[in-house]
Amino acid sequence: MAQQRLSKEETLDRRLKLIGQSCRLFYSDDPVKILRARGQYLFDENGTRYLDCISNVQHVGHCHPSITKAAAAQMDLLNTNSRFLHDNIVRYAERLASTLPKKLCVFYFVNSGSEANDLALRLARQYTQHEDVVVLDHAYHGHLTSLIDISPYKFRKLTGQKEWVHVAPLPDTYRGRYRENHPNPGQAYADTVKDLIEEVHSRGRKICAFFAESLPSVGGQLILPQGYSAKVAEYVHSAGGVFVADEVQTGFGRVGSHFWAFQLQGEDFCPDIVTMGKPMGNGHPLACVATTVEIAGAFTANGVEYFNTFGGNPVSCAIGLAVLDVIEEEDLRGNALKVGAHLKDLLTELQTRHQTIGDVRGVGLFVGLELVQDREQKTPATKTAALVVKRLKEEDRICVSTDGPWESVVKFKPPMCFSMDDAKVVAKCIDRILTDISASGLRLGKEDI
Ligand SMILES: Cc1ncc(COP(=O)(O)O)c(C=O)c1O
């Protein structure tokens with residue numbers, strides 16, 4: 001029976017009562033109620049259109065007709081768990097394998113990025129028989145207990161750091177320990193991991209894995225310096241550990257030039273485990289772990305079955321296949337390269353006129369705009385960033401959000417169909433808002449508003 005639609009106020013009221021308060025809404029002061037979406041656009045209950053600059057989940061575009069069609073057709077035919085033989089799971093694994101280096105040829109399908117990272121941890125532990133994990137500062141790897149433990153972004157606010165977790169500095173060449181003017185920041189930051197491993201060894205502990213996003217997102221939309229990952233992998237391997245690349249936010253062509261963001265680090269680097277999620281199912285819960293024959297073999301050898309009720313079911317895999325098809329057919333990697341470069345150029349031009357823009361960085365449609373109170377000290381302009389987010393939503397119906405240790409980086413990770421015109425509109429609106437903020441007497445450059 002068709003139900004009458006709730007008013008926005010009623011929905012909010014009921015949600016506050018029924019849904020755990022820690023499940024926060026975007027724009028919690030004045031949430032947006034979205035009823036439908038298409039491409040890079042969201043529409044609220046009044047039909048007002050919002051430009052989505054942050055959904056790295058609806059990767060090929062919201063409600064893409066090819067994805068909906070593939071999902072509905074497979075649902076109409078069969079959906080079972082993956083213990084029956086079915087073509088979709090093998091076809092999908094083959095297609096994923098063709099995007100990855102040859103050694104990453106065994107797949108485990110799961111339902112979320114968190115499940116993928118938790119399984120990666122289990123695989124690493126089983127293979128290495130070691131326990132300790134090195135992670136990057138401010139990293140987030142998921143919401144399961146095991147992953148809160150390896151996510152400084154979360155555990156710092158909770159019970160703190162476990163004895164088996166070790167935090168390496170973020171390789172941030174804008175405001176970190178080694179900056180753009182360093183002759184070899186990749187090597188220098190990799191050596192911080194080497195030092196950490198030596199310290200761990202001196203305490204009689206052993207390294208199981210190094211976990212990192214291929215482009216630290218929560219850490220502030222950072223681009224790893226060249227040479228970093230290959231060097232870290234060398235150090236981690238000689239300590240008997242494995243390198244886990246978290247591609248949950250960054251995979252599936254977002255960087256444009258490559259299918260996976262870890263490939264930006266060059267051909268001499270290949271992780272031992274890659275985890276994927278968000279964009280994989282275009283909104284359908286689909287995630288995966290890819291690894292080597294050796295690591296998978298060690299996991300099998302423990303004799304315990306790995307069973308995941310929903311992971312890799314025929315519908316999920318049909319959707320995954322359709323996503324890969326759309327990325328190719330619509331040349332979304334090419335679009336990410338072209339539109340991402342244009343967005344970066346437009347924002348870089350704004351930087352010449354707005355002192356508050358400290359840095360513009362990114363690859364493909366993974367772009368960050370770091371706001372500072374003054375360019376010399378690089379003091380984060382957290383409040384300005386929050387105001388930009390709020391005004392873009394209220395005045396221009398553009399959805400962006402912030403990231404980074406001080407929430408001072410305005411991030412852009414839109415659906416991959418984001419257009420040149422969308423980029424122009426976004427830059428124009430940011431220009432107007434920053435001009436207005438500084439003209440209204442808010443002394444940017446001296447203090448955050
Ligand atoms: C880098 C990274 N890894 C893992 C996860 C966890 O994914 P999920 O929310 O699908 O469990 C997230 C989610 O934001 C993420 O950003």
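Please read all numbers here as calculations on a predicted model, not as lab measurements.
Counting non-hydrogen atoms of neighbouring residues, nucleotides and ligands closer than 6.0 angstrom, the CG atom of Leu85 reaches no more than 12 such neighbours. For Arg179, the CZ atom is densely surrounded, since the number of other residues' heavy atoms within 6.0 Å is greater than 12. When the shell of 6.0 Å around OH of Tyr27 is examined, it contains more than 12 heavy atoms from other residues, nucleotides or ligands. At most 12 heavy atoms of other shown residues, nucleotides or ligands fall within 6.0 angstrom of atom CZ in Arg24. At most 12 heavy atoms of other shown residues, nucleotides or ligands fall within 6.0 angstrom of atom NZ in Lys206. More than 12 heavy atoms of other residues, nucleotides or ligands shown are found within 6.0 angstrom of CZ on Arg156. Annotation: Phe84, atom CZ; neighbour count of heavy atoms from other residues, nucleotides and ligands within 6.0 Å does not exceed 12. The local environment of CZ in Arg205 is crowded, with over 12 non-hydrogen atoms from other residues, nucleotides or ligands closer than 6.0 Å.
Ring geometry for Tyr153 against Tyr140 counts as perpendicular: the plane angle is over 60°, on a 0 to 90° scale with 30° as the lower cut. Between Phe299 and Tyr306, the two ring planes are tilted [angle within 30° to 60°].
Contact of the Leu215 side chain with the Leu222 side chain is not registered, since no non-hydrogen atoms from C-beta on lie closer than 4.5 Å. Residues Phe418 and Leu365 are in side-chain contact: their nearest non-hydrogen atoms beyond the backbone lie under 4.5 Å apart. The closest side-chain heavy-atom distance from His62 to Pro415 is below 4.5 Å. A 4.5 Å side-chain heavy-atom check between Leu51 and Arg397 finds every atom pair outside the cut-off. The shortest distance between side-chain heavy atoms of Asp132 and His166 falls below 4.5 Å. Inter-residue side-chain proximity for Val32 and Phe26 is flagged as unmet; no heavy-atom pair is nearer than 4.5 Å. Contact check for Leu96 versus Phe252: side-chain heavy atoms found under the 4.5 Å cut-off.
Taking the centre and axis of the six-membered ring of Trp260, the NZ or CZ atom of Arg333 falls outside the cone set by 45° and 6.0 Å. Taking the ring centre of Phe155 as origin, the terminal cationic atom of Lys162 falls outside the region bounded by 6.0 Å and 45° from the ring axis.
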Check against side-chain contact (heavy atoms from CB on, under 4.5 Å), Leu371 and Val388: CA-CA 10 Å; Leu371 302 186; Val388 169; 4.2 Å; yes
So Asp149 and Lys154, salt bridge (charged side-chain N to carboxylate O under 4.0 Å, His left out) or not? Walk me through it. CA-CA 8 Å; Asp149 284 346; Lys154 291 283 178 198; over 6 Å; no
For a salt bridge (charged side-chain N to carboxylate O under 4.0 Å, His left out) check, start with the C-alpha distance between Arg175 and Glu370, then their side-chain angles and the critical distance, and finish with the verdict. CA-CA 10 Å; Arg175 62 162 68 251; Glu370 176 144 6; 2.7 Å; yes
Report the C-alpha distance between Ser114 and His143 in whole Å, list the side-chain angles of each, state the deciding distance to 0.1 Å, and finish with yes or no for side-chain contact (heavy atoms from CB on, under 4.5 Å). CA-CA 6 Å; Ser114 297; His143 59 78; 3.0 Å; yes
Working note: Leu136 + Phe210, criterion side-chain contact (heavy atoms from CB on, under 4.5 Å); need CA distance, chi angles, decisive distance, verdict. CA-CA 9 Å; Leu136 292 180; Phe210 173 83; 4.1 Å; yes
Evaluate Asp191 against Lys231 for salt bridge (charged side-chain N to carboxylate O under 4.0 Å, His left out), listing each step before the verdict. CA-CA 8 Å; Asp191 285 346; Lys231 267 288 155 200; over 6 Å; no
Report the C-alpha separation of Arg83 and Glu305 in whole Å, then their side-chain angles, then the decisive distance to 0.1 Å, and conclude whether the salt bridge (charged side-chain N to carboxylate O under 4.0 Å, His left out) test is met. CA-CA 11 Å; Arg83 282 165 152 181; Glu305 177 192 21; 2.7 Å; yes
Residue pair Ser82, Asn313: steps toward the side-chain contact (heavy atoms from CB on, under 4.5 Å) verdict: CA-CA 5 Å; Ser82 45; Asn313 68 66; 5.8 Å; no
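Rounded to the nearest 0.5 Å, atoms CG (Asp52) and OH (Tyr50) are 12.5 Å apart. Tyr228 OH to Gln265 CD: the interatomic distance, rounded to the nearest 0.5 Å, is 9.0 Å. Atom CD of Glu199 sits about 14.0 Å away from atom NZ of Lys194, to the nearest 0.5 Å. In this structure, OG on Ser229 lies 9.5 Å from CG on Leu264, to the nearest 0.5 angstrom. The structure places NE2 of His258 at 12.0 Å from OG of Ser214, a figure rounded to the nearest 0.5 Å. Here the straight-line distance linking atom NE2 of His130 with atom CD1 of Ile207 works out to 9.0 Å at 0.5 Å rounding.
For Asp431 and Arg353, the salt-bridge test passes: some basic side-chain N is under 4.0 Å from an acidic carboxylate O. Salt-bridge formation is detected for the pair Arg95/Asp325: a Lys NZ or Arg NE/NH1/NH2 atom is positioned less than 4.0 Å from an Asp or Glu carboxylate oxygen.
Smallest separation of non-hydrogen atoms from Phe109 and Cys288: CE2-SG, 3.7 Å.
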